[in-house]
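One structure below.
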Amino acid sequence: MQQSEDYLLRILQDVGLVTRPQIESARLRLNGASNVVDVLIEGGIVSDVDVSRTLAAQAHMDWIDISSIVIPPQVINQIRGEEARRFKVIPVGFGETGLVVAIGNPLDIDTIDSLNFLLQRELELVCTSPKKIREALIKYYGTADEAADVLQKEIGEDVDLGLEIGEGAEATGMDEADAPIIRLVSMLMIEAHRAGASDIHLEPLDKKFRVRFRIDGVLQEMQAPPKRLQSAITSRLKIMTGSMSIAEKRLPQDGRIQVKIKRKPIDLRVSTIPTNHGESVVMRLLDKSSLKLGLPELGFFSDDQEILERLIKLPDGILLVTGPTGSGKTTTLYACLNYVNKPDRKIITVEEPIEYQMNGINQVPVNPEIGMTFPAALRSILRQAPNIIMIGEIRDLETASIATNASLTGHLVFSTLHTNDAPSAVARLIDIGVQRFLVASSVRAIMAQRLVRRLCSNCKQPGELTETELRALRIEPGQLREAQVMKPAGCDQCRQIGYKGRMGIFEIFVIDDEVRHMINKRSSTLMLRQRARELGMRTLREDGVRKILAGLTSAEEVISITIGDVS
């Protein structure tokens, strides 16, 4: 072994990867658990990839990056897990003359001979780094404990996860033998929370069990557990909800998990749906303690914030927030409620589901299974004499009618609607069946919004807009004189992405007397939009441009999210 190490050190020195003083310094730091090459790698003097590439060249052997390929199960099954671990090898494919096997040390002749004798077949050897061999052993042959260890290493700290499992979960719970699966699922939740993910996607594919986190609205692939743990992980999540059946795999199911991470209460909304390779699971994370309820944190500039503050102080009427699913409408409504939440006002919300619990506000959950629908809840809460009502979403004529009637009888109503821009909300309400004169007299303002990613404040760098971006955003040269255009770079704080967090871009349409007259006269959405522009409404794209010029986000973000905004 000593001769092999000395030979390797001479090779590394000959090719210029290390120097004699570095080798001698490594020998002084040597302990019983390491060799000199390991010390050099741990000290950052040389990488394990450079070492293995050098060895491959000396042995006239091809070098491959096994982390960049997907190895089919029929290949993995050519070598049993115990043997792969024992010899530290991974089968990667079938070659012209035999099984292609990746090894970490082509100088280890004893291992190569033993492997040939054991398998009794022709082998084609390729080289890769020992670290990649270890990762592949966990990925393709690993246990749940080893997969959890990988996540634990990524997190870099020992986090205690307290679980509050729904009633009935204990009766169908897992036994002690399933502890590794329990730990793996727990570590998955911890890592998602640490990364600031809003969703966890567990997707069964043909040859892998893909794990992706949605961070700042963008899906990012994470370290995947072994494919064979797919069923056990899904079953564990169903058990944690206390309401989903582990026996039912043919129908979609929904459930809810409540956990505590670092004593923070976290809600996970769990949804499963059967696919051709197993059940796909999506979990939405709701951190009840991390909701930012201030208007400035949402991304409002001072002028828009003043308009919104004036609107939410009105004694009656409807204020609508519009946009597609995931555009931050509910968060904006919570911020508005927090702003007007005073001891002299009674506020009641009707939500499906209640996403965040707020002190001092009466929140009513919708439950259609027992007849507690939006209309039923609204009819009841009007007898509670509220000052302000928040309706999670206006979906049908009955809900819309109750909302308009409430607004006309002295209540301020907040709600959401699914439309692409603010002026389109008028036509949407009329399409639902609300009479024009009710829309004109009840709606006070409509605000459309989208979410764009914030540039990471730690690593963003000065940048310039291209000619294409200038034309798309309709930016005049004069606007660039005092601008602070920035671009994403990437650092450890933002996971090398260049963005961290999200903010809103807004389009506020205030309804005045002339707009009311236009609604009653059946004016088109285009005419309403033109009037809104005359009143000073900025479009979503124009508000995005302001945030680009202020160095808060990038042109790419605004262009992609406001692609349909042409006016």
**Test log, rule salt bridge (Lys or Arg N to Asp or Glu O under 4.0 Å), inputs D267 and R284** = CA-CA 8 Å; D267 250 5; R284 185 180 183 193; over 6 Å; no
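- Heavy atoms of other residues, nucleotides or ligands lying less than 6.0 angstrom from CD of Q484 number 12 at most.
- In summary, the side chains of E556 and S554 do not present any donor paired with an acceptor at a separation below 3.5 Å, with no hydrogens or angles considered.
- For the pair T419 and T322, the tightest heavy-atom approach, listed with the atom from each and the gap, is OG1-CB, 3.2 Å.
- The side chain to side chain contact (heavy atoms under 4.5 Å, CB included) check on N367 picks up E369, I370, M372, with sequence neighbours excluded.
- In this structure, CE on M358 lies 7.5 Å from CD1 on I347, to the nearest 0.5 angstrom.
- Here the shortest heavy-atom pairing between G326 and L451 reads O-CD1, 3.6 Å.
- With respect to E203 and R212, a salt bridge is recorded, a charged nitrogen being found less than 4.0 Å from a carboxylate O.
- No side-chain donor-acceptor contact under 3.5 Å links S245 and Q253.
- The two residues K342 and Y339 come nearest to each other via the heavy atoms NZ-O, 2.6 Å.
- Nearest heavy-atom pair, P252 versus P274, reported as atom, atom and distance to 0.1 Å: N-CD, 3.8 Å.
- Around CZ of R546, the count of heavy atoms belonging to other residues, nucleotides or ligands within 6.0 Å exceeds 12.
- The heavy-atom pair separating L455 from G551 by the smallest distance is CD1-O, 3.9 Å.
- Here the side chains of L473 and E542 are not in contact, with every heavy-atom distance at 4.5 Å or above.
- Contact check for L333 versus L319: no side-chain heavy atoms found under the 4.5 Å cut-off.
- Contact of the L535 side chain with the V510 side chain is not registered, since no non-hydrogen atoms from C-beta on lie closer than 4.5 Å.
- Partners of E393 according to the side chain to side chain contact (heavy atoms under 4.5 Å, CB included) rule, which considers only residues two or more places apart in sequence or in another chain, are R395, T416, H418.
- Going from atom OH of Y499 over to atom SG of C456 covers 11.5 Å, rounded to the nearest 0.5 Å.
- In this structure, K547 forms a cation-pi arrangement with F301, its terminal cationic atom sitting closer than 6.0 Å to the ring centre and no more than 45° off the ring axis.
- Screening R531, M447, R529 for a side chain to side chain contact (heavy atoms under 4.5 Å, CB included) involving M537 leaves a single residue, R529.
- Scanning both residues, D543 and G504, for their nearest heavy atoms gives OD2-O, 4.4 Å.
- When each of I519, V413, L429 is paired with V443, the side chain to side chain contact (heavy atoms under 4.5 Å, CB included) condition holds for L429 and for no other.
- Within a 6.0 Å radius of CD in E464, other residues, nucleotides and ligands contribute 12 heavy atoms or fewer.
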**Request:** For E279 and K238, run salt bridge (Lys or Arg N to Asp or Glu O under 4.0 Å): C-alpha distance rounded to whole Å, both residues' side-chain angles, the deciding distance at 0.1 Å, then the answer.
**Result:** CA-CA 11 Å; E279 289 181 283; K238 288 182 176 180; 2.8 Å; yes
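- Of the listed residues (T234, V185, V281), just one forms a side chain to side chain contact (heavy atoms under 4.5 Å, CB included) with L202, and that residue is V281.
- The shortest distance between side-chain heavy atoms of M189 and L268 falls below 4.5 Å.
- Using a 4.5 Å heavy-atom threshold, the side chains of R256 and T241 count as separate.
- Other residues, nucleotides and ligands contribute more than 12 heavy atoms inside 6.0 Å of the CG atom of N387.
- To the nearest 0.5 Å, atoms CG (L337) and CD1 (I348) are separated by 12.0 Å.
- Contact annotation: the side chain of H201 never approaches that of V211 to less than 4.5 Å [non-hydrogen atoms, C-beta and beyond].
- Heavy atoms from other residues, nucleotides or ligands lying under 6.0 Å from CG of N359 number 12 at most.
- For K249, the NZ atom is loosely surrounded, since the number of other residues' heavy atoms within 6.0 Å does not exceed 12.
- Side-chain atoms of E534 and Q530 form no donor-acceptor pair, as typed in the model, at a separation below 3.5 Å.
- In this structure, the side chains of P375 and R379 come closer than 4.5 Å at one or more pairs of heavy atoms.
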